[in-house]
Enquirer: 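Questions regarding the structure given below will be posed in turn.
To find a chain, count down the sequence lines: A is the first, B the second, and so on, and within it residues start at 1. Bear in mind that the values here come from a model prediction, so they are computed numbers and not experimental data.
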Amino acid sequence: MFFENVDFSALELPPPALKLREEVRAFLRAEVAAGSFAPRLGHAEFDAEFTRRIAARGWIGMTWPKRYGGRERPYLERFVVTEEMLAAAAPCAAHWAADRQTGPSLLRHGSDHLKEKYLPAIARGECYFALGMSEPGSGSDLASVRTRAEQVGGGWRVTGQKVWTSWAHRAHAFFVLCRTSPDSGDRHQGLSQLVVELKSPGVTVRPIPFMDGRHSFNEVFLDNVFVPDEMVVGEIGQGWKQVTSELALERSGPERYMTTFPLLVELIRRLGAAPDARAQEVVGKLTARLWALRRMSLGIAVALDPGADSENGATRTSIDLGTEAALVKDMGTFYEREIIDAARLLVEVEPAAATLDRLERYLAETVVCAPISTIRGGTTQVLRTLIARRLLGPVK
Amino acid sequence: MTTLNDVRLMLVESATRLFADHVDDKLLAAAKRDGWSASLWQELERAELPLVSIPEDAGGAGGTLSDAAAVLRLAGRYTAPVPLAETGTLAAWMLAASGIALPRGALTAGPVRDADRVAARHHSGRWELSGTLARVPWARIASRLVLLADAPDGAIVACVDPVRCRITPGANLAGEPRDDVMLERVAAETAAPAGRGVDRETLKLRGALARSLMMAGALERALELSVQYAQQRAQFGRKIGQFQAIQQELARFGGETAVAVAAALSAAGVLERGGDALLAVASAKIRTADAAREGALIAHQVHGAIGVTNEYALHHATLRLWAWREEFGNEAQWAMRLGARTQQHGPDPFWSDLTAA
Ligand SMILES: Cc1cc2nc3c(=O)[nH]c(=O)nc-3n(C[C@H](O)[C@H](O)[C@H](O)COP(=O)(O)OP(=O)(O)OC[C@H]3O[C@@H](n4cnc5c(N)ncnc54)[C@H](O)[C@@H]3O)c2cc1C
């Protein structure tokens with residue numbers, strides 16, 4: 001029923017991955033010691049300098065082919081880097097979307113031109129991407145997007161509005177999901193993905209402040225923006241299929257259950273060596289739940305690794321772990337909240353954003369961002385409907 | 001590296017076939033009455049499944065603990081009413097590790113309760129055992145009891161014939177024998193100093209691991225039944241599986257089940273490799289017991305009234321889930337132990353402990 005063919009008992013990190021982990025830890029310790037970044041929870045921090053430093057270590061695009069600036073490392077090693085970054089609350093927003101989403105999409109669907117143009121720059125930590133999917137009228141129902149592209153000589157003219165576009169004000173380009181032919185009954189047809197440079201004439205980015213005043217997402221207006229043919233990702237009309245393929249890895253990564261992890265560490269610190277039985281039980285339970293989620297996530301990453309014979313670094317398609325991956329997101333996002341409540345209820349602490357006390361600050365940062373993870377990347381309700389459909393099959 | 005090897009695949013395939021061919025409603029109903037299924041046990045013995053993971057030169061069937069784990073998950077999935085875990089993972093493990101020949105037949109092991117002790121003393125050339133043990137699984141149907149006893153010079157493993165003990169029958173919620181056993185200077189048939197790695201802590205860890213694996217399997221069974229039922233049952237002119245409220249519950253149940261499988265199987269691997277056994281097994285037992293609590297009640301909710309009847313098969317899975325989650329330490333007990341250790345180690349090694357191989 002689940003995990004057919006995944007050998008959890010053999011799931012052990014090989015020596016190169018262990019060595020890599022030590023390298024990443026040493027690097028992050030040195031960064032923190034030098035004060036080059038301040039660990040923060042909640043909104044991921046955008047720090048282009050940090051991104052360039054980790055790119056120099058080969059930790060961006062690390063699973064990609066070497067000819068595109070990658071290192072051809074196994075997924076497992078990317079998993080290790082990701083979880084170490086999360087454990088250290090490192091500022092990864094600049095490269096996050098490109099490393100996790102746009103890079104793999106380009107590898108799988110992009111033309112040689114697009115791959116050569118963007119992948120090496122992403123891997124160097126010099127090119128940042130945003131994702132232009134949501135619109136004012138299209139959230140969960142993404143296939144209803146109204147942004148249109150019309151064919152003109154040598155390319156396309158794009159008009160429409162995107163919203164909640166994270167880091168559009170700092171990124172170089174974004175993936176735009178748009179309609180290239182009118183809805184002809186099958187709404188999943190006629191959608192396409194284009195790469196749009198954010199400095200193109202006709203693009204306007206306006207900030208949308210978050211409730212704590214922070215600026216991370218935006219609305220983006222596209223007014224008759226010219227996009228040359230070579231910026232089309234994959235095939236015209238196949239945008240929907242391209243967007244929904246390869247979700248397994250994206251849904252099941254450590255970022256789905258670790259964004260409040262450093263708060264747990266601070267809680268353990270505050271509780272001290274011998275807390276009362278209630279605190280012990282809560283900490284033990286949180287430890288167990290994290291361990292179990294991590295094993296699940298790790299199992300998926302390793303099973304989807306295409307191995308050495310991969311053409312384009314895309315996930316192995318012979319194994320379908322789509323349901324399991326969606327389940328990691330569903331459970332992981334709720335797990336993150338359990339940590340918040342444990343911290344609130346086990347020690348006397350009030351959330352405070354501007355304080356030197358790390359527990360208070362982490363609590364403030366995680367509480368205001370607690371609603372996010374179950375909304376973005378597929379809301380809980382939509383995700384569960386999808387999971388149930390996979391479990392039930394067609395019910396008539 | 002992480003897809004199943006051929007040996008495991010064949011083992012899983014043949015064990016699945018065996019369980020599927022033999023475990024049916026009739027067999028389960030009879031076992032609920034009689035305490036077990038002797039006929040199923042014979043089939044399992046013929047296929048050498050009870051002694052998987054016990055070395056061949058010790059009289060076992062060979063294979064790894066992870067192989068045994070795959071079988072226990074299946075035993076849980078088919079709610080097999082037999083002492084599979086007790087015979088191989090607990091009793092035969094203690095015997096083989098202590099260099100004692102394996103007796104024939106179904107075995108069980110003890111003590112299973114933390115507070116219980118068996119005292120051993122050497123008397124005219126043989127070991128005599130005394131003690132009172134609560135809720136020993138399958139004691140009344142086992143051919144031998146394998147006991148980890150305290151002798152003056154350290155622990156010994158001893159094999160005794162249950163007819164020499166006073167056994168007060170008891171049962172868990174699913175009707176599986178959980179018997180009180182009293183030994184008054186019972187002579188051991190065979191005994192030896194406890195072998196390497198055989199101690200009370202490890203016995204309990206292995207018991208908890210076995211129950212975790214069985215719970216993962218029983219959750220799969222309960223989910224399977226729930227999905228089937230949601231596909232068939234119609235109300236308000238629609239299949240109940242078409243209602244979003246039911247879908248949301250099934251999805252949650254799916255998550256609990258999938259994570260239980262991942263945790264239990266992973267823990268077997270960690271124990272086999274000699275990794276951090278407390279972290280792995282405590283996590284597996286906590287997570288599967290939590291999943292049992294959530295999953296069993298969702299299964300019943302989806303089924304409506306039919307699910308709570310003796311007629312319908314769901315209770316074979318859910319009654320076991322409710323029983324097994326308490327056996328060899330429930331989620332609170334393990335969480336306190338794990339939490340106490342986490343706090344003792346402190347915040348700094350927490351992450352590296354968690355990610356250590
Ligand atoms: C911090 C943050 C960053 C984001 N960054 C980006 C980004 O960079 N790029 C981008 O494109 N988007 C981004 N998003 C948008 C995100 O993808 C959407 O918020 C998400 O897809 C949900 O859409 P919505 O907000 O319009 O909610 P809606 O879809 O309107 O949903 C509202 C409520 O209705 C429920 N609902 C909707 N449909 C169903 C259904 N069929 N069954 C049951 N319940 C249903 C939902 O679960 C939810 O509870 C971001 C969002 C956040 C919060």
Enquirer: Checking A/Leu391 against B/Phe253 for the side chain to side chain contact (heavy atoms under 4.5 Å, CB included) test, could you report, in this order, the C-alpha distance in whole Å, the side-chain angles of both residues, the deciding distance, and whether it holds?
Expert: CA-CA 10 Å; A/Leu391 289 175; B/Phe253 191 0; over 6 Å; no

Enquirer: Do B/Trp351 and A/Met258 have side chains that get closer than 4.5 Å, going by heavy atoms?
Expert: yes

Enquirer: Please flag which part of A/Arg294 lies under 4.5 Å from any non-hydrogen atom of chain B: side chain, backbone, both or neither.
Expert: side chain

Enquirer: Where does A/Met296 contact chain B at under 4.5 Å (heavy atoms): side chain, backbone, both or neither?
Expert: both

Enquirer: For a quick test of reading the model, state the closest non-hydrogen atom pair linking A/Asp7 to B/Arg8 and the distance between them.
Expert: OD1-NH1, 3.2 Å

Enquirer: Any idea which of B/Ala263, B/Ala70, B/Ala268 has the most non-hydrogen atom pairs under 4.5 angstrom with chain A?
Expert: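 The option with the most such pairs is B/Ala263.
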
Enquirer: Rounded at 0.5 Å granularity, tell me how far CZ in B/Phe350 sits from CG in A/Leu264.
Expert: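 Between atom CZ of B/Phe350 and atom CG of A/Leu264 there are 4.5 Å.
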
Enquirer: If we define contacts as heavy-atom pairs under 4.5 Å, which of A/Glu324, A/Glu83, A/Glu4 has the most with chain B?
Expert: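 It is A/Glu83.
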
Enquirer: Of all heavy-atom pairs between B/Ala258 and A/Phe3, which one has the smallest distance, and what is that distance?
Expert: O-CE1, 3.4 Å

Enquirer: Find the one option among A/Gln381, A/Arg389, A/Arg390, A/Arg384 whose heavy-atom pairs under 4.5 Å with chain B are most numerous.
Expert: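 Looking at each of A/Gln381, A/Arg389, A/Arg390, A/Arg384 in turn, A/Arg384 comes out on top.
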
Enquirer: Between A/Ala292 and B/Val259, which heavy-atom pair has the shortest distance, and what is it?
Expert: CB-CG2, 3.8 Å

Enquirer: At a 4.5 Å cut-off on heavy atoms, which part of B/Arg73 comes close to chain A: side chain, backbone, both, or neither?
Expert: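 Just its side chain gets close to chain A.
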
Enquirer: For A/Leu298, is it the side chain, the backbone, both or neither that has a heavy atom under 4.5 Å from a heavy atom of chain B?
Expert: neither

Enquirer: Which bit of A/Phe261 is near chain B, if near means a heavy-atom gap under 4.5 Å: side chain, backbone, both or neither?
Expert: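 Just the side chain, heavy atoms under 4.5 Å.
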
Enquirer: What residue, out of B/Gln333, B/Glu331, B/Arg77, has the most heavy-atom pairs lying under 4.5 Å from chain A?
Expert: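 Between B/Gln333, B/Glu331, B/Arg77, the count favours B/Arg77.
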
Enquirer: Contact between A/Asn5 and B/Leu9 at the side-chain level, heavy atoms closer than 4.5 Å - yes or no?
Expert: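 Of all side-chain heavy-atom pairs linking B/Leu9 with A/Asn5, at least one is under 4.5 Å.
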
Enquirer: Looking at B/Ala230 and A/Val395, what are the two nearest heavy atoms and their distance?
Expert: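 B/Ala230 and A/Val395 have their closest heavy atoms at O-CG1, 4.3 Å.
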
Enquirer: Out of B/Lys285, B/Glu272, B/Glu256, B/Arg252, which one racks up the most heavy-atom pairs below 4.5 Å with chain A?
Expert: B/Arg252

Enquirer: By a 4.5 Å heavy-atom criterion (distance strictly below it), what part of A/Arg278 contacts chain B: side chain, backbone, both, or neither?
Expert: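 Neither the backbone nor the side chain of A/Arg278 comes within 4.5 Å of chain B.
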
Enquirer: Of the options B/Thr355, B/Asp353, B/Val270, which is the one that meets A/Trp291 in a side-chain contact (heavy atoms from CB on, under 4.5 Å)?
Expert: B/Val270

Enquirer: Give, as side chain, backbone, both or neither, the part of A/Ile268 having an atom under 4.5 angstrom from any heavy atom of chain B.
Expert: both

Enquirer: Write down the atom of B/Pro347, the atom of A/Val265, and the distance for their closest heavy-atom approach.
Expert: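 Looking at all heavy atoms of both residues, the closest pair is CB-O, 3.6 Å.
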
Enquirer: Looking at every heavy atom in both B/Ile286 and A/Ala288, which two are closest together, and how far apart are they?
Expert: CD1-CB, 3.7 Å

Enquirer: Rounded to the nearest 0.5 Å, what's the gap from OG1 on A/Thr287 to CZ on B/Arg341? Could you check?
Expert: 9.0 Å

Enquirer: Against chain A, label B/Ala267 side chain, backbone, both or neither, depending on which of its atoms sit under 4.5 Å from a heavy atom there.
Expert: both

Enquirer: Can you say whether A/Arg25 sits under 4.5 Å from chain B via the side chain, the backbone, both, or neither, judging by heavy atoms?
Expert: side chain

Enquirer: In Å and rounded to the nearest 0.5 Å, what is the CD to NZ distance from B/Gln242 to A/Lys396?
Expert: 9.0 Å

Enquirer: Drop me the distance from B/Arg287's CZ to A/Lys285's NZ, to the nearest 0.5 angstrom.
Expert: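 If we round to the nearest 0.5 Å, B/Arg287:CZ and A/Lys285:NZ are 8.5 Å apart.
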
Enquirer: Go through A/Met1 and B/Val261 one step at a time and tell me if the side chain to side chain contact (heavy atoms under 4.5 Å, CB included) criterion holds.
Expert: CA-CA 10 Å; A/Met1 173 165 266; B/Val261 169; over 6 Å; no

Enquirer: Which bit of A/Glu266 comes within less than 4.5 Å of chain B, counting heavy atoms only: side chain, backbone, both or neither?
Expert: neither

Enquirer: Working to the nearest 0.5 angstrom, can you tell me the gap between A/Thr385 OG1 and B/Gln244 CD?
Expert: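 It comes to 4.0 Å.
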
Enquirer: Identify which part of B/Ala280 has an atom lying under 4.5 Å from any heavy atom of chain A, answering side chain, backbone, both or neither.
Expert: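 Looking at B/Ala280, backbone and side chain both touch chain A.
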
Enquirer: Just by distance, do the side chain of B/Gln343 and the backbone of A/Gly272 share a donor-acceptor pair under 3.5 Å?
Expert: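 At least one qualifying donor-acceptor pair exists.
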
Enquirer: Could you walk me through whether A/Arg295 and B/Ser283 pass the side chain to side chain contact (heavy atoms under 4.5 Å, CB included) check?
Expert: CA-CA 11 Å; A/Arg295 297 296 298 184; B/Ser283 295; over 6 Å; no

Enquirer: Please check if atom CD in A/Glu348 has more than 12 non-hydrogen atoms from other residues, nucleotides or ligands closer than 6.0 Å.
Expert: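 At most 12 heavy atoms, drawn from other residues, nucleotides or ligands, come within 6.0 Å of this atom.
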
Enquirer: Find the distance between CG (A/Leu327) and OG1 (B/Thr257) and round it off to the nearest 0.5 Å.
Expert: 9.0 Å

Enquirer: Only pairs of heavy atoms separated by less than 4.5 Å count here; which of B/Ala284, B/Ala332, B/Ala282, B/Gly254 has the most with chain A?
Expert: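 It is B/Gly254.
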
Enquirer: Identify which part of B/Glu249 has an atom lying under 4.5 Å from any heavy atom of chain A, answering side chain, backbone, both or neither.
Expert: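 No part of it gets close to chain A.
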
Enquirer: Considering only heavy atoms from C-beta outward, does the side chain of B/Lys239 approach that of A/Leu392 to under 4.5 Å?
Expert: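 No - every pair of side-chain heavy atoms lies 4.5 Å or more apart.
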
